[in-house]
Protein chains: 2
Amino acid sequence: MSVVETKEKLLETALALIWQSNYSVVGVNEICKQAGVTKGAFYHHFESKASLFCEATAYYWQVIKKDLDNIFSPVNSPLEQLENLIQFLFRSKLSDNTVRGCPFFNAGAQIGTDDEKVLEALKNLSQTAITYNLALIKALDAGGYLERSGDMEQQARLVYHYIHGVMSYAYVQPDINTIKKDLPEGLYRLLGVKRDYWFSASPTWEAEPAILKHQA
Amino acid sequence: MSVVETKEKLLETALALIWQSNYSVVGVNEICKQAGVTKGAFYHHFESKASLFCEATAYYWQVIKKDLDNIFSPVNSPLEQLENLIQFLFRSKLSDNTVRGCPFFNAGAQIGTDDEKVLEALKNLSQTAITYNLALIKALDAGGYLERSGDMEQQARLVYHYIHGVMSYAYVQPDINTIKKDLPEGLYRLLGVKRDYWFSASPTWEAEPAILKHQA
DNA sequence: AAGCTTACATACCGGTCGGTATGCCCGTCA
DNA sequence: TGACGGGCATACCGACCGGTATGTAAGCTT
């Protein structure tokens with residue numbers, strides 16, 4: 001295993017484990033064991049467990065950025081982009097009942113805000129997500145799909161809030177049929193998409209999300 | 001300290017501590033220390049830490065049920081009820097930046113779903129909250145405040161999702177001004193309240209929420 | 001080939017965790 | 001007044017935690 005391979009293996013294993021349970025429960029020992037490396041290797045690459053989490057956050061975005069750029073590709077109409085986003089959320093987080101909620105924010109809630117770096121990583125994470133939402137909203141608005149124009153940055157946050165809430169709900173109530181109804185309904189309502197356009201788009205994005213490879 | 005006092009003290013202390021940080025970080029020792037009792041007393045009243053969490057969940061509802069019944073009192077108009085709810089969420093969770101997110105679902109995400117009792121307690125918690133939402137929506141609909149009638153049970157869930165998402169966001173970005181804008185906006189949008197009625201109600205509920213007493 | 005660095009492996013550290021065993025104190029009731 | 005049991009307090013347990021100290025084998029440099 002080359003150098004970069006070992007580090008990436010640790011990153012991916014940590015992602016998968018934290019994803020499946022949570023930051024506090026998953027120990028360094030277990031991450032190492034699953035990754036097939038030793039603790040010495042771990043602390044050769046990361047100065048602490050919290051540091052690993054920060055790097056994993058960055059790594060996570062690097063991985064799914066491709067997916068997001070694909071979802072929000074300009075070749076897709078705004079409605080298609082929205083539908084793609086919905087499909088993506090299902091696939092990446094609700095395709096089986098072992099993955100519930102957003103692990104990074106669950107984790108963030110566990111680490112505590114005293115760790116400045118962790119907090120910063122989480123802020124970046126959410127801000128990036130909101131930025132993607134904003135682009136989508138602008139496209140929807142420009143395309144005349146929205147009932148009215150408002151504060152689009154706020155709308156981007158609203159969408160973010162809602163998605164996070166739905167994902168968290170899925171943790172306790174992993175009823176995928178309910179979620180499959182609630183997620184689009186809430187998004188269309190929050191965005192204020194004109195009723196004529198509800199559920200009118202078909203997904204143009206069919207590739208398997210890269211993030212799935214993180215799961216066991 | 002009488003028998004029931006000791007147990008309640010433990011319950012309240014645990015609530016406050018978990019509220020301020022999270023389940024994993026707060027240890028039994030610290031709960032005991034803060035409550036001014038010993039570990040022996042703790043394990044006299046609770047069979048485990050997870051069991052404490054379950055009882056605390058029930059206790060929590062018992063405490064805030066008074067507030068909720070007050071907020072959703074039939075003497076208030078539906079719009080007033082909605083405004084009361086918004087105010088309640090601010091007061092109980094956003095009045096200072098030490099309280100972020102819903103501690104019970106943060107905690108639930110930490111304990112793990114392998115503990116059946118904990119999962120059950122969380123399900124009850126969310127279901128009760130959704131039931132309150134449903135009553136509000138029915139009242140709003142009956143009063144003609146909504147743009148259209150839909151699946152009200154679903155709407156109740158949407159509102160629940162959204163509130164949870166906003167509260168979680170507040171954990172990472174404790175910017176109360178943003179939240180104060182986002183929370184009502186999202187709720188009005190999700191509920192589909194007619195624009196004429198947006199922000200038209202004044203709160204009729206001014207009492208200090210009982211739950212505040214749990215905070216340090 | 002000598003010397004140095006990288007990339008680990010192994011063994012182990014002090015501390016903390018949730019949980020338990022035991023016994024004392026004190027109110028109750030015979 | 002003495003036996004008894006609920007309501008604790010104290011002392012302690014083994015497991016496990018994140019993190020470290022030290023060793024070492026392989027490669028790169030000179």
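Residue numbering restarts at 1 for every chain, and letters A, B, ... go by the order of the sequence lines.
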* **A:Lys33: side-chain contact (heavy atoms from CB on, under 4.5 Å) partners, not counting sequence neighbours** => none
* To do: Would you mind reading off the distance between A:Lys33 atom NZ and C:dC8 atom C1', rounded to a whole angstrom?
  => 20 Å
* Structure fact -> Sorted by chain and residue number, the ring pair (Phe, Tyr, Trp, His ring centres under 6.0 Å) partners of A:Tyr43 (sequence neighbours excluded) come out as none
* Would you say A:Thr6 reaches C:dC8's phosphate, i.e. side-chain N/O to OP1/OP2 under 4.0 Å? -> yes
* So does B:Glu55 have more than 12 non-hydrogen atoms from other groups sitting under 6.0 Å from CD? -> yes
* Just how far, in rounded Å, is P of D:dG7 from CG of B:Leu10? -> 14 Å
* Could you tell me whether the phosphate oxygens of C:dC8, OP1 or OP2, come under 4.0 Å of any side-chain nitrogen or oxygen in A:His44? => no
* Asked: Counting heavy atoms not belonging to A:Lys49, are there more than 12 under 6.0 Å from its NZ?
  -> yes
* Rounded to the nearest angstrom, tell me the gap between atom CZ in B:Phe42 and atom P in C:dG19. => 8 Å
* Asked: Any salt bridge between A:Arg157 and A:Glu153, counting N to O under 4.0 Å?
  -> no
* **5'-most by nearest nucleotide on DNA chain D - B:Gly40 or A:Gly40** => B:Gly40
Using nucleotides 15-18 of chain D, report all nitrogen or oxygen pairs with the protein that are shorter than 3.5 Å.
from   : atom 1 : to      : atom 2 : distance (Å)
D:dG18 : OP1    : A:Lys49 : NZ     : 3.0
D:dG18 : OP2    : A:Val28 : N      : 2.9
D:dG18 : N7     : A:Lys39 : NZ     : 3.0

* Is the B:Tyr160 ring parallel, tilted or perpendicular to the B:His164 ring (thresholds 30°, 60°)? -> parallel
* Phosphate contact (D:dG7 OP1 or OP2) by B:His45 side-chain N/O below 4.0 Å -> no
* **Integer-rounded Å distance: D:dC8 P and B:Phe46 CZ** => 11 Å
